Amino acid sequence: MFTETRDNNGELVETLDYERLKAELGNFSEIYDNRRERYGMDWPGKRDCLRLIQEPSRATLKPCREESVDFDTTENLFIEGDNLEALKLLQKSYYGKVKMIYIDPPYNTGKEFIYPDNFSESLDTYLQYAGLKDNEGRTFSTNTANEGRFHTKWLNMMYPRLYLARNLLREDGVIFISIDDNEVENLRRMCDEIFGEENFIAQFIWEKRTNRENRKIVSTRHDYIVCYSRNTWESDKPISQLPMNDKALASYKNPDNDPRGSWKSDPATAQAGHGTKSQFYDLGGPNGKVHKLESGRCWLYTEKVMAQAIEENRIWFGKNGNGVPRVKTYLEAKERGLTPETIFFAEDVGTTEAAKNKIKELFGGIAAFETPKPVQLLQTLLKLSSNPGIVLDFFAGSGSLAEAVYEENITASRTRFVLVQLPEPCDEGSEAEKIGMATIADIAKERIRRAGNRIREKVTEQLDLNGLTGNDLGFKVLKLNQSNFKLWQAPSKDISDDELLQQMDLNVDHIDPNASQEDLLYELLIKAGVMPTEKVERIELSGHTVFSVAEGTLLMHLEDDIDQALIDVVLVKAPSQFICLDKAFHGNDQLKTNAVKTFEAFSQGKEKIDQIDFKTV
C-alpha cells in the first residue's frame, strides 16, 4: 500500500499509493478504464532506458600495451571500463559477429552491484569513479533492498546492456545469463521482450554447491543459466550436442563382433499414440520365439522394415537370442553427441568452491576472487554454442571465460574472446588488495596472464606450441576514456559573445594535445567499424609513418604534416580507405582539393583503380 521514495534531501520517505488503495477498495473503473491494456513488462525508468540506448557514446578505447600480452598479434580483447559505453563503442565493429555471449551480472542481493545514481550520465560518472575526471559530487552507489526502486534499478541497469548486446550476436548466436532467484523472473520477461519469447532455449539449473548451507532458512544449492538465441529460425538446433563423455562411450560395445563396429542397444518400441496400424504386430525372432507388444507400445518399424533390419543383424535379441528385441545404434554411423539436459551437475561442470580453489591455486594460495565461475562450466557453454567464433562477456569478473577459451583452443577450433570489466576497487584489506590488485579488472587481467602462461607450459610439454593451430594466448587491453576529439558543445540561449568566442577557440584544434598517434588510431578504427584486434603495422611511405590496417586495406596517416609526395605513394598502394588529419594540410586548401580530386578517380596505365575513400578528421 505504501511506496518508498526520496525527498529533496535524499531521505527515504513512505508515500501512500493512492491507485493501489483505490483498487483495494474496488474502484477499478476509475483507475483502469482510460488506460490502454496490453501485455508486456513495464517499470519506472524504462522510457529513459530506451533514450539511453539511442544516445551515442562520447568515449573511446585507449590502448594499453604495458598491460597486454602479445599486443600486436593477439585477436583477444580485454576492455577495462563501464560495459554500457563499451557495448556502444563495439556496435559498428562487432555488429552481428559474436557467436556466443555469456554474462554473470550482479544478482541484486541488495549489497553487490555498483551503479551510477544517474545512469544517463554514465560516461562522466565512470570517469569520476575511475579517477579520470574530477569528482563533481556524483558517486556510484550500491542497490539496497531498502530502496523502493530495488528491482527498478536492476532493470534499468540490465535493459540497455542486453538490448545493445543482442545487436552484436550473429543470426545463429546464443546468449547465456547466470542468475539466481532474486531476478530470474524479471530477467526472463525482459529477455522475452528483447530477444523474443520464441527464441527462448532453456533455463538451465546449475548445481553450484554440493554441501548444505546451514546458516540460511533454505540452503540454496543451485543457480540458473538462462539461454536465448538471436534467431531460432536460422537453425534447427540453435545449440549443439555435447561431446560424448567416458560414461556414454562405455555403453558402446561389440559382443557379437559386428563388422560395423561398436554399438549400443535402444528400445525397438515406441509409444502407441505415435504409431500407425502397420506398427502393431507380433514379432518373430530368428530362433522362432514370438515377441508381443506391451500395452501402450508399438514397434519402432513396420513389419517389412523390421524383417529387413533383422536380416541385416541390426536388431539385438540378447546373447541367447531370447531377449526383448532392441535396435542397434552404431557409434560410427554418424557424428554422435549427448543432447544437453536442463541440469548441469556439479560433478560434470564444477562448483563455486572448486572454481575458487582453482583461482586460488593460480594466485599461489591467495583467494583473489570470492565468486568465480568454474572454467568447466564455461567450457560446456562454449561447446553448446558451437565454437569457433567470437565470444563476449561484458561482466567479466575474474575472467573465467578467457581461461575457458584458452583451454578449449588447445584441442578445439579457433575461438576468440572479448571481455569487459569495470575497474571496481577491491575491498580494503581483502586478499586481492594484499597482493597488489587494486581493482577487479586488475584481478581479471592477472588471472588471464597466469592462465595463459600455465597453458603455454602445458602445451609445450605435449605439443609443439608453434604448430598448434589457432592457439592465441594473448590479449589486448583497451581502457575506456573520454574521446581524443573535443566535442562542440551547443551554446545555450543566454551565452555571452565572449563565452562563445572562447568555445570556438577551444575547437580550432579539436584534437587532445596529449593524445598519442596510437590513441587516435584506435579511436578512428572503432569509429570506422574496424575491429580493434585487426592487424596493424607501422610502415614508412615517402618519409612519413603510416598505419597499415588489415594488410593495407586501410591506410591512416596521423602526423601533423602531409605533402603531395605522400599522396602520390598512397595512390600507388591503392587502399580502400585513406584517413589523415585535417590540420596536416595547414590551411593549404589547394593541396587538400587536389588530394580529394585525385582520390576520387585515379588511373595507372590501362588499369583503373577503384575509388579510394578519402577522409580527414
Side-chain angles (χ1 to χ4, degrees), residues 53-65 68 70-103 122-123 160-173 175 230 387-394 396 401-402 405 414-421 472 474-485 515 517-537 547-556 558 575-579 613 615 617:
I53 291 167
Q54 301 301 322
E55 289 181 8
S57 175
R58 298 179 288 111
T60 188
L61 299 176
K62 291 198 173 188
C64 184
R65 283 181 171 271
S68 304
D70 301 332
F71 184 94
D72 291 316
T73 57
T74 185
E75 294 181 43
N76 297 315
L77 186 61
F78 185 95
I79 298 173
E80 182 177 308
D82 173 59
N83 52 18
L84 177 63
E85 292 293 332
L87 287 169
K88 287 184 177 183
L89 291 171
L90 296 178
Q91 289 296 298
K92 277 190 176 181
S93 51
Y94 285 88
Y95 187 92
K97 295 178 181 176
V98 175
K99 183 64 180 73
M100 187 267 270
I101 296 174
Y102 169 76
I103 56 172
S122 57
L123 178 60
R161 287 160 173 81
L162 287 176
Y163 191 101
L164 292 168
R166 178 184 179 273
N167 294 339
L168 304 182
L169 281 175
R170 288 171 17 180
E171 286 298 306
D172 62 345
I175 182 170
R230 175 68 169 83
N387 60 325
I390 298 171
V391 298
L392 167 66
D393 181 355
F394 51 90
L401 183 62
V405 169
R414 180 184 175 92
T415 300
R416 298 294 174 256
F417 64 77
V418 178
L419 267 56
V420 185
Q421 177 55 44
D472 179 355
F475 62 100
K476 179 179 292 187
V477 176
L478 301 180
K479 294 189 177 183
L480 187 75
N481 210 322
Q482 52 197 336
S483 174
N484 297 298
F485 297 92
Q517 287 192 26
E518 197 163 62
D519 291 340
L520 297 176
L521 166 70
Y522 277 89
E523 179 160 2
L524 292 171
L525 287 179
I526 292 166
K527 290 180 183 297
V530 178
M531 286 188 182
T533 55
E534 190 65 74
K535 185 177 180 181
V536 177
E537 295 178 291
F547 293 99
S548 174
V549 183
E551 299 182 348
T553 303
L554 165 64
L555 294 181
M556 202 176 297
L558 300 175
S576 298
Q577 190 174 32
F578 176 63
I579 299 175
D613 183 13
K615 293 181 180 179
V617 293

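Small disclaimer: the values here were computed from a predicted structure and weren't measured.
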* To do: Would you mind telling me which of Lys479, Arg161, Lys88 makes a salt bridge (Lys or Arg N to Asp or Glu O under 4.0 Å) with Asp82?
  => Arg161

* Where do Thr415 and Gly389 come nearest, in terms of heavy atoms and distance? -> CG2-O, 3.2 Å

* For the pair Thr74 (side chain) and Gly474 (backbone), establish whether a donor and an acceptor sit closer than 3.5 Å, ignoring hydrogens and angles. => yes

* Under the ring-ring contact (aromatic ring centres under 6.0 Å, His included) test, residues paired with Phe78 that sit two or more places apart -> none

* Are Arg65 and Asp72 ion-paired here, with the side-chain N under 4.0 Å from a carboxylate O? -> yes

* **Crowding at CZ, Phe71 (>12 non-hydrogen neighbours, <6.0 Å)** => yes

* Among Ile101, Leu419, Leu164, the one residue meeting side chain to side chain contact (heavy atoms under 4.5 Å, CB included) with Phe394 -> Ile101

* To do: Specify the closest pair of heavy atoms between Ala59 and Glu85, including all atoms of both residues, with the distance to one decimal.
  => CB-OE1, 4.0 Å

* With sequence neighbours left out, what residues match Lys615 under side-chain contact (heavy atoms from CB on, under 4.5 Å)? -> Gln577, Ile579, Asp613

* Any side-chain heavy-atom pair of Phe485 and Glu523 under 4.5 Å -> yes

* Side-chain donor/acceptor of Ser68 to backbone N/O of Val477, under 3.5 Å -> yes

* **Under 3.5 Å: donor-acceptor pair, side chain of Lys476, backbone of Glu75** => no

* Please work out which of the three classes, parallel, tilted or perpendicular, describes the rings of Phe475 and Phe417, given edges at 30° and 60°. => tilted

* To do: I would like to know whether Lys527 and Tyr522 meet side-chain hydrogen bond (donor to acceptor under 3.5 Å, both in side chains); could you show each step before the answer?
  => CA-CA 9 Å; Lys527 290 180 183 297; Tyr522 277 89; over 6 Å; no

* Asked: Closest approach of Asp472 and Asn76, non-hydrogen atoms and distance?
  -> O-ND2, 3.3 Å

